[in-house]
Q: 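This is the structure I have questions about; it appears just below.
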There are 6 protein chains.
Amino acid sequence: MSIVVRNIVRAHPSSVERLGRFGVATVHEAQGRTGLLKPYMRPVYPRATACGSAVTVLAQPGDNWMLHVVAEVLQPGDIVVVAVTADNDDGMFGELLATSYRARGGTGLVIDAGVRDVRALAEMNFPVWSRAIHARGTVKATPGSVNVPVVCAGVLVNPGDAIVADDDGVVVVPRARAAQVADAAKAREEKEEVNRRRLAAGELGLDIYGMREALSKAGLKYVDDPPER
Amino acid sequence: MSIVVRNIVRAHPSSVERLGRFGVATVHEAQGRTGLLKPYMRPVYPRATACGSAVTVLAQPGDNWMLHVVAEVLQPGDIVVVAVTADNDDGMFGELLATSYRARGGTGLVIDAGVRDVRALAEMNFPVWSRAIHARGTVKATPGSVNVPVVCAGVLVNPGDAIVADDDGVVVVPRARAAQVADAAKAREEKEEVNRRRLAAGELGLDIYGMREALSKAGLKYVDDPPER
Amino acid sequence: MSIVVRNIVRAHPSSVERLGRFGVATVHEAQGRTGLLKPYMRPVYPRATACGSAVTVLAQPGDNWMLHVVAEVLQPGDIVVVAVTADNDDGMFGELLATSYRARGGTGLVIDAGVRDVRALAEMNFPVWSRAIHARGTVKATPGSVNVPVVCAGVLVNPGDAIVADDDGVVVVPRARAAQVADAAKAREEKEEVNRRRLAAGELGLDIYGMREALSKAGLKYVDDPPER
Amino acid sequence: MSIVVRNIVRAHPSSVERLGRFGVATVHEAQGRTGLLKPYMRPVYPRATACGSAVTVLAQPGDNWMLHVVAEVLQPGDIVVVAVTADNDDGMFGELLATSYRARGGTGLVIDAGVRDVRALAEMNFPVWSRAIHARGTVKATPGSVNVPVVCAGVLVNPGDAIVADDDGVVVVPRARAAQVADAAKAREEKEEVNRRRLAAGELGLDIYGMREALSKAGLKYVDDPPER
Amino acid sequence: MSIVVRNIVRAHPSSVERLGRFGVATVHEAQGRTGLLKPYMRPVYPRATACGSAVTVLAQPGDNWMLHVVAEVLQPGDIVVVAVTADNDDGMFGELLATSYRARGGTGLVIDAGVRDVRALAEMNFPVWSRAIHARGTVKATPGSVNVPVVCAGVLVNPGDAIVADDDGVVVVPRARAAQVADAAKAREEKEEVNRRRLAAGELGLDIYGMREALSKAGLKYVDDPPER
Amino acid sequence: MSIVVRNIVRAHPSSVERLGRFGVATVHEAQGRTGLLKPYMRPVYPRATACGSAVTVLAQPGDNWMLHVVAEVLQPGDIVVVAVTADNDDGMFGELLATSYRARGGTGLVIDAGVRDVRALAEMNFPVWSRAIHARGTVKATPGSVNVPVVCAGVLVNPGDAIVADDDGVVVVPRARAAQVADAAKAREEKEEVNRRRLAAGELGLDIYGMREALSKAGLKYVDDPPER
């Protein structure tokens, strides 16, 4: 069954905006090391960053029909998350769709497939994370769905979840936890800032984090010289 | 049998030049979505573009002898297309060969193997698309052929075919069709320019391309709220 | 058994510095085409270069405990080389560890695993070569070893070996051969400079390197026109 | 947070048993082409088949602690489904755990990681689907969870879902739909049996499925001879 | 343009039959080490062998419509060779199509995509070589072509070419060369039989093939003991 | 420099024979989870097993010359271990070389490249572990070395090391440790036999291995019902 769900509950804009201030690595840690898409998802140009509330698409391999359908339900602050029913590298998305999404308020795209027109995407600064860059065009023959739960690059994404993406990858924060994770990310960053200064001054993580005793208990030995082979 | 074919019929320079004005994605669409190399072929530096008439090389894995041989038959406007008889990532090409090809009029390289000296290639602005970047050197022990038909990254390339390459990949246009495809690419780009403006103004692809009826016939339903799970 | 070897013999700083002047491709050729890590090892930002004396780490998958341990034994001019006991893309290293390594004199990192905070690494210009970029955090539960021989990306690295890394990849030079390889690299580069000028002037490698007779003996034939198919 | 959920609602044994009579391909089609794990999941010996109610495990890379924990909550008819927080090929499971699972009523294992002792598994006829065969042992250092929702090889699996696996792969049927999908699978198989006989008699799918008109509308042309090239 | 070419010239049945007596490795060598599909093409059950005249299919990813279309043009002794316009692992082929192909005289299938029902295929002894085994079903929405030249797994296949396949892979012999290659394969096999007996008796290939002088010229040295490290 | 080292010290035959009685998984554990080749190394037919003393080969990609050279230095009980200077899947080895190796006392082959004639290898029961099966033939143009240390599939192998291989993969035991590892393997197997019986009787690994306290300390919680989502 192919459906488009028109009304979804989105993560609160202020939570999304707060999450967006932190990097992907910090958000991922702040929610207990969950929600991270597989590492084959890469930005199509360097230093791209995006955050938004997920509008999800389930598409067929080699068919980008639903990427046109989704434009109609976009609201300002949304990021489009595309899963495909089978592994596929075709270039489902390019400059024209980016123009359309931007006009409708879309802030970026996360797609477990290919994209094209990457130079134009960089020039218009429309951030995209994809599994491939490939010019190959697609058909418009078989519908999928919009705003259903999808598994994108190994992670369950529900419509309305918060998405944060940067050079380190893409992380999904369940809508209901967005505010709480933003708080935890802030706390983590403050703690890290202290440690950064101590490490920059030459202190060792071994001492700052108090690791020596646990390492010793776990069996680590220090020797002065290499053992005979 | 190892042969070098000295005389080939090349795509008409004006057709090649016209094709080069359009991106790979446009040319690929304009010739009916054919001729695109597999997406593992990537430029070794960003924003590289090239077009030319293909001079083909069939090489052995780990052996770059034929990449020296081909230099002699290059003419201004040629692009070298290298296939290898087995998958191989060795660095068959680097700064010195690029210097030689440029001196002989070569406009770029498409190689289903590895290359090295990529920083120097970027600095001299010699565009290369390859399956890998790898410093590993090669031997000169077993000949291959020059200017025979080859399959490069999944696509048949005949000597003299037109090649267009950019950040989106590499596309091959059969020599005899180069002028006609350039025309079609121009027509497509003009149409796209109109659609780009309409999409930028917020119109939907659904309406511009008249997709609603076909989607409905194909079974797509709109629902207001997520179905109960 | 998990051990940290405190005292290792390092490659001589002047040899390391001399090797660092040449690119990876040149050093690899100069030592007889050995010591090159597999091509999946890529710099996390463009135009990164590094050289140093290897301090080695053997870590467990998903566990970066030893990357904290190694900081204590770093000396100025060291480069950290991390192997993992199983293929793993987790982000074992990021901005904080880079800050610590730099404070202790570390010149870079080569890691057969993932890293994160790559934008920060680029901004602080701390060079890293890795198999993946991935934000996924790691545990600190199981010790490995420091300064034991490791196989990193297919190559044996002994503590104290010289490491050279750039856009073309990473090469390892055994400590005892560092001076001799630096000499050979210099000789090679001088010879290449001569050839570069001749090639730029349009001379052919076929003639400069005297390949014609060997090609003919190996069976290469020149034909004027394509054979009938 | 690491938890073990002791009480889960399982798919009804009779529905699981009925689903098990059909192949994976039939069940996948019968539920609308959903629920299929990625094709890298392969049986470790030929002609293995299994069905059961999913007991889920979320493990750390290189750590099989939770595979011991899960044994305690197994009930007869359960199949263990293991997801790992990062891609990992380590051999988390072997003959001893298979012996334990069988003694507790387990009917098989689906694991997005590696396994070992595959000859013994074949001899004891304990069916396993995995992403790799690898003897590499694992630590027991970091807990994960049991009976939480997991994404295994690209598909969401909830505890208690029905699992069917054979030479064609692994399919997940949501618990609540198990009976209905079993009905649909039966209907499909009956229809296929009729078609199989007609096809075996030489009738064409083109006619049996009435495809000719749609193909013609979609633009397919028949020509007697190859077009000139 | 989607076309079905009804009349093709096939390799002569007696040449195909003679080629089929030799293994893939022998045929590949006999035609000068060309024509071999990439090694990811594997038989779906062990000890499968097939030979035939190629009837080619160009299909869309995730769409097996043309695999129904091709059945109508099959003649006894044909083997179906399927290329897809983009990399795709979907299960385009299964027991029902195998039943149909067999009824029409098809001798096997070579497909650069996925297949399913592999247990049934083994039981009915219908040989298939594919890039994947995957139960995932496909749509019938977009036509491709039948009996046009295709690139399958890296090799150009023209309709009517001879195909030989076994546990070692798949090789294509151009139609016009089938008889000549069969002769060369026979000669090679006879020569190998002599060498097999000499090798089995303990003679060395070094002596049988007269390699010692060339090895010495190429710089190979024999030493009694390992050099000092 | 290409060398053949004629005299190497081999692992003691009785240690090799004792190691061969245990599976790869047991030997790998018995020597502290080291020495295991990467999991892409697979037997070319099921239920193959081999053990022997390593005679090593370093070959060029696409060149099997050294596989002929090594035959001369084989002694009864040797297993040939082949590394290639670059990743390569060509079929470097087949029935004829297997015949030769067997005649000279070779017990099997471990090769980080491709092999062919796999049906014949199975019929003659000559065990081979490889990274690929591929009919593609190789040249004999560039020498490598015999009996030098090599890195094969990620592991350092010295000439004379003991090799054990079975359906779980391949493990290398340093020559000097062979006897000691065989003892440890025996002890491990005896302990496992006891545990196997207890597990078969329904006892839990949690209790047999005393894991409950450590799991609790590490934070594992048991809950009766799934938490609210």
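Letters go in sequence order (proteins before strands), and every chain restarts at 1. Since this is a predicted model, take the numbers as computed values, not measurements.
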Q: Taking non-hydrogen atoms and a cut-off under 4.5 angstrom, which of residues 74-103 of chain C neighbour chain A?
A: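 Only C/D89, C/E95, C/L96, C/T99, C/S100, C/A103 of residues 74-103 of chain C have a heavy atom under 4.5 Å from chain A.
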
Q: Is any side-chain heavy atom of C/V4 less than 4.5 Å from a side-chain heavy atom of C/N147?
A: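 In short, these two side chains do not touch, never coming nearer than 4.5 Å.
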
Q: Please say whether more than 12 non-hydrogen atoms of neighbouring residues, nucleotides or ligands are located less than 6.0 Å from CZ in A/R47.
A: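 No.
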
Q: Heavy atoms under 4.5 Å from chain C: which residues of residues 159-179 of chain A carry them?
A: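 At a heavy-atom separation under 4.5 Å, chain C is reached by A/D167, A/D168.
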
Q: Who in residues 11-43 of chain C is close to chain A, using a strict under-4.5 Å heavy-atom cut-off?
A: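 Contacts with chain A: none.
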
Q: Could you state the interatomic distance from SG (A/C152) to CH2 (A/W129), rounded to the nearest 0.5 Å?
A: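 Output value for this atom pair is 12.5 Å.
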
Q: Could you tell me which of A/L206, A/L215, A/N195 has the largest number of non-hydrogen atom pairs under 4.5 Å with chain C?
A: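 It is A/L215.
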
Q: Got a second to check how far C/R104's CZ is from A/L199's CG, nearest 0.5 Å?
A: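 Those atoms lie 10.0 Å apart.
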
Q: Report yes or no: does C/T107 contribute a side-chain atom to a donor-acceptor pair with the main-chain N or O of C/C51 at less than 3.5 Å?
A: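 Between the backbone of C/C51 and the side chain of C/T107 there is a qualifying donor-acceptor contact (under 3.5 Å).
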
Q: Identify which part of C/V139 has an atom lying under 4.5 Å from any heavy atom of chain A, answering side chain, backbone, both or neither.
A: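 For C/V139, the contact with chain A is made by backbone and side chain together.
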
Q: Under the salt bridge (charged side-chain N to carboxylate O under 4.0 Å, His left out) test, which residues partner A/K217, sequence neighbours left out?
A: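 Residues passing salt bridge (charged side-chain N to carboxylate O under 4.0 Å, His left out) with A/K217: A/E213.
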
Q: In Å and rounded to the nearest 0.5 Å, what is the CG to CZ distance from A/L121 to A/R119?
A: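 These two atoms lie 12.5 Å from each other.
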
Q: When you measure from the side chain of A/T138 to the backbone of A/G62, do you find a donor-acceptor pair of N or O atoms at a distance under 3.5 Å?
A: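 Answer holds: no.
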
Q: Answer yes or no: is there a donor N or O on one side and an acceptor on the other, between the side chain of C/S145 and the main chain of C/I3, under 3.5 Å?
A: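 Yes.
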
Q: Which atoms of A/T49 are under 4.5 Å from chain C, going by heavy atoms: the side chain, the backbone, both sets, or neither?
A: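 Looking at A/T49, just its side chain touches chain C.
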
Q: Using heavy-atom distances under 4.5 Å, tell me whether A/R198 contacts chain C through its side chain, its backbone, both, or neither.
A: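 When you check distances to chain C, no heavy atom of A/R198 falls under 4.5 Å.
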
Q: Any sub-3.5 Å donor-acceptor pair from A/S130's side-chain atoms to A/I111's backbone N or O?
A: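 Not at all, since once roles are kept as given, no pair shorter than 3.5 Å links the two residues.
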
Q: Does A/K186 pair with A/E189 as a salt bridge, N-O distance under 4.0 Å?
A: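 A/E189 and A/K186: not salt-bridged.
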
Q: Quick one, A/E203 with A/R197, criterion salt bridge (Lys or Arg N to Asp or Glu O under 4.0 Å). Give me CA distance, side-chain angles, the key distance, then yes/no.
A: CA-CA 9 Å; A/E203 273 189 84; A/R197 264 175 302 195; over 6 Å; no

Q: Nearest 0.5 Å, what's the CG-CE distance between C/N64 and C/M66?
A: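 Reported to 0.5 Å precision, the distance equals 11.0 Å.
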
Q: Going from CE on A/M124 to OH on A/Y45, what distance comes out if it is rounded to the nearest 0.5 angstrom?
A: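 A/M124 CE to A/Y45 OH: 9.0 Å, rounded to 0.5 Å.
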
Q: Does this structure show an ion pair linking C/D63 with C/K140, if we count only N-O contacts that are shorter than 4.0 Å?
A: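 Salt bridge between C/D63 and C/K140, a charged N being under 4.0 Å from a carboxylate O: no.
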
